[in-house]
Number of protein chains: 2
Amino acid sequence: MLPTDTDSLSLTFAALADPTRRAMLARLAQGPATVKELAQPFTLSMPTISKHLKVLERAGLIQRGREAQWRPAQLQAAPLRDVSAWLEDYRQHWEANFDRLQDYLRKIQKGDS
Amino acid sequence: MLPTDTDSLSLTFAALADPTRRAMLARLAQGPATVKELAQPFTLSMPTISKHLKVLERAGLIQRGREAQWRPAQLQAAPLRDVSAWLEDYRQHWEANFDRLQDYLRKIQKGDS
DNA sequence: TAGCTAATTAGCTAAATGGTAAAGTATGCA
DNA sequence: TGCATACTTTACCATTTAGCTAATTAGCTA
């Protein structure tokens, strides 16, 4: 989609579509961390880490501060709340084997026995 | 991340990071639909629609069948259940203004008053 | 068989993404 | 002032993605 792929949900989903970034969020769920701390589990260069953080920031998933030479990042969960709200419309489809129930309902409606 | 960006959650999030595909899923939540039906709300070419459907299929979000010359698609919600499960670890962070509470706790822990 | 509809495949382009190394900025400290 | 640490910016490369048109496959119907 060319126009406004910048919609908030798309930005959030795109940010979450990378295991490195999800691991960073998991770390930040424990509390704020510096860039170096966030980089530590990975074998990635610092610029790459910086880029990932920028993606998370653009999606509103983290907020960044300044403390001396450190740039601590902090989790901001609001976009995750939006994802959760989006998901709710589909909950019935995965609960209680809803897919198979739907199959059955469709079958009998077509008189397919 | 170079290795196995093909992990299931990443595939699902990437598939959801596009408003066209999310609209297709919303349509499919009402019941199965042919490719043409799914294309109808958009001004996109059929090949483009086909590609979007392939992304959804690869993520396991739809299943496709064959009925004469039609290829009906059907929602498969299991990957959304996985997303929901992943989200749960963060629920406390967005409920009850948890972010601000965390700020406060951090402050008093540092004796920052 | 021919022709129609439905959909995919092939081949292309432009832009975004994820990675790198090298250079630059900001802050604290000797 | 000068140096070390923490991090970002710049410039580059390879891959993926989203879009297109044109051509092809699949199945129904006359």
Side-chain angles (χ1 to χ4, degrees), chain A residues 1-25 27-28 31-59 61-74, chain B residues 1-25 27-28 32-59 61-74 110:
Chain A
M1 187 170 261
L2 279 174
T4 64
D5 196 322
T6 83
D7 71 285
S8 179
L9 259 185
S10 294
L11 276 179
T12 303
F13 279 127
L16 297 177
D18 183 294
T20 301
R21 289 193 292 262
R22 289 200 304 279
M24 288 172 157
L25 290 182
R27 165 64 188 79
L28 290 172
T34 66
V35 178
K36 216 185 165 192
E37 283 167 345
L38 289 168
Q40 186 268 318
F42 308 106
T43 54
L44 298 171
S45 67
M46 288 298 285
T48 302
I49 300 293
S50 263
K51 274 194 188 176
H52 280 307
L53 289 174
K54 202 172 287 181
V55 173
L56 291 172
E57 188 176 23
R58 181 139 178 270
L61 285 161
I62 64 172
Q63 208 175 17
R64 317 200 56 188
R66 162 74 84 176
E67 264 171 56
Q69 63 269 68
W70 297 279
R71 308 291 315 272
Q74 189 181 333
Chain B
M1 186 170 264
L2 278 172
T4 65
D5 197 322
T6 82
D7 70 285
S8 179
L9 258 186
S10 294
L11 275 178
T12 303
F13 279 127
L16 297 177
D18 183 293
T20 301
R21 289 192 292 261
R22 289 199 304 280
M24 288 172 157
L25 291 182
R27 165 63 188 81
L28 290 172
T34 65
V35 179
K36 215 186 167 191
E37 284 167 345
L38 288 168
Q40 186 267 319
F42 308 105
T43 54
L44 299 171
S45 68
M46 287 298 285
T48 300
I49 300 293
S50 263
K51 275 195 188 175
H52 280 306
L53 289 173
K54 202 172 288 180
V55 172
L56 291 172
E57 187 176 23
R58 182 139 176 270
L61 285 161
I62 63 171
Q63 208 175 17
R64 317 199 57 188
R66 162 74 83 179
E67 264 171 57
Q69 63 269 70
W70 297 279
R71 307 291 315 274
Q74 190 181 332
K110 284 199 291 185

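Quick note: numbers below take in every heavy atom, side chains included, and nothing from hydrogens, waters or symmetry partners. Reminder, nothing fancy here: chain letters follow the sequence lines and each chain counts from 1.
- One can place CG of A/L11 at 14 Å from C1' of C/dT17, the figure rounded to the nearest angstrom.
- No side-chain heavy atom of A/V55 sits less than 4.5 Å from a side-chain heavy atom of A/L11.
- Between C/dA26, D/dT9, C/dT20, one nucleotide has an atom nearer to the side chain of A/S50 than all others, and that is D/dT9.
- Heavy-atom contacts from other residues, nucleotides or ligands closer than 6.0 Å to CZ of B/R58 number 12 or fewer.
- A straight line from CD1 of B/I62 to P of C/dA7 spans 12 Å, rounded to a whole angstrom.
- For C/dG18, neither phosphate oxygen OP1 nor OP2 lies less than 4.0 angstrom from any side-chain nitrogen or oxygen of A/T48.
- By the 6.0 Å contact criterion, CD on B/Q69 is enclosed, its count of non-hydrogen atoms from other residues, nucleotides or ligands being greater than 12.
- A straight line from CG of A/L56 to P of C/dT17 spans 13 Å, rounded to a whole angstrom.
- Contact annotation: A/R21 side-chain N/O to C/dG18 OP1/OP2 distance is under 4.0 Å.
- When the nucleotides C/dT20, D/dC7, C/dA6 are ranked by their closest atom to the side chain of B/W70, C/dA6 comes out on top.
- Between the P atom of C/dA7 and the CE atom of B/M24 lies a distance of 11 Å, rounded to the nearest Å.
- Separating the CG atom of A/L44 from the C1' atom of D/dT8 is a distance of 16 Å, rounded to the nearest angstrom.
- Within the model, atoms CH2 of A/W70 and CD of A/E37 stand 10.0 Å from one another, a figure rounded to the nearest 0.5 Å.
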**Request:** Determine, step by step, whether A/Q74 and A/L28 satisfy the side chain to side chain contact (heavy atoms under 4.5 Å, CB included) criterion, reporting the C-alpha distance in whole Å, the side-chain angles of both residues, the deciding distance to 0.1 Å, and the verdict.
**Result:** CA-CA 6 Å; A/Q74 189 181 333; A/L28 290 172; over 6 Å; no
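- Residue A/R58 has no polar side-chain atom (N or O) positioned under 4.0 Å from OP1 or OP2 of C/dT17.
- Atom pair B/R22:CZ and D/dA18:P shows a separation of 12 Å (rounding to whole Å applied).
- Listed nucleotides C/dA7, D/dT8, C/dT27 differ in distance to A/R71; the shortest reach to its side chain belongs to D/dT8.
- As rounded to whole Å, 15 Å separates atom P of C/dA26 from atom CZ of A/R64.
- Between A/S50 atom OG and A/L44 atom CG the span is 11.5 Å, to the nearest 0.5 Å.
- For the pair B/Q40 CD and C/dA6 P, the computed distance is 13 Å after rounding to whole Å.
- Contact annotation for A/K51: base contact, defined as any heavy-atom pair under 4.0 Å involving a base atom.
- Position along DNA chain C of the nearest nucleotide to B/M46 versus A/A68 favours B/M46 as the more 5'-ward residue.
- Here the side chain of A/P47 is nearest to one of D/dC7, C/dG18, D/dT9, namely D/dT9.
- Remark: D/dA30 base-pairs with C/dT1; criterion is Watson-Crick or G-U wobble with both hydrogen-bond distances under 3.5 Å.
- Nearest to the side chain of B/R66, among C/dG18, D/dC7, D/dA26, sits D/dA26.
- The side chain of A/K54 approaches D/dT9 more closely than any other nucleotide in the set C/dA7, D/dT9, D/dG27.
- For B/Q69, whose side chain is taken as the heavy atoms from C-beta onward, the closest listed nucleotide among D/dA26, C/dA21, D/dC7 is D/dA26.
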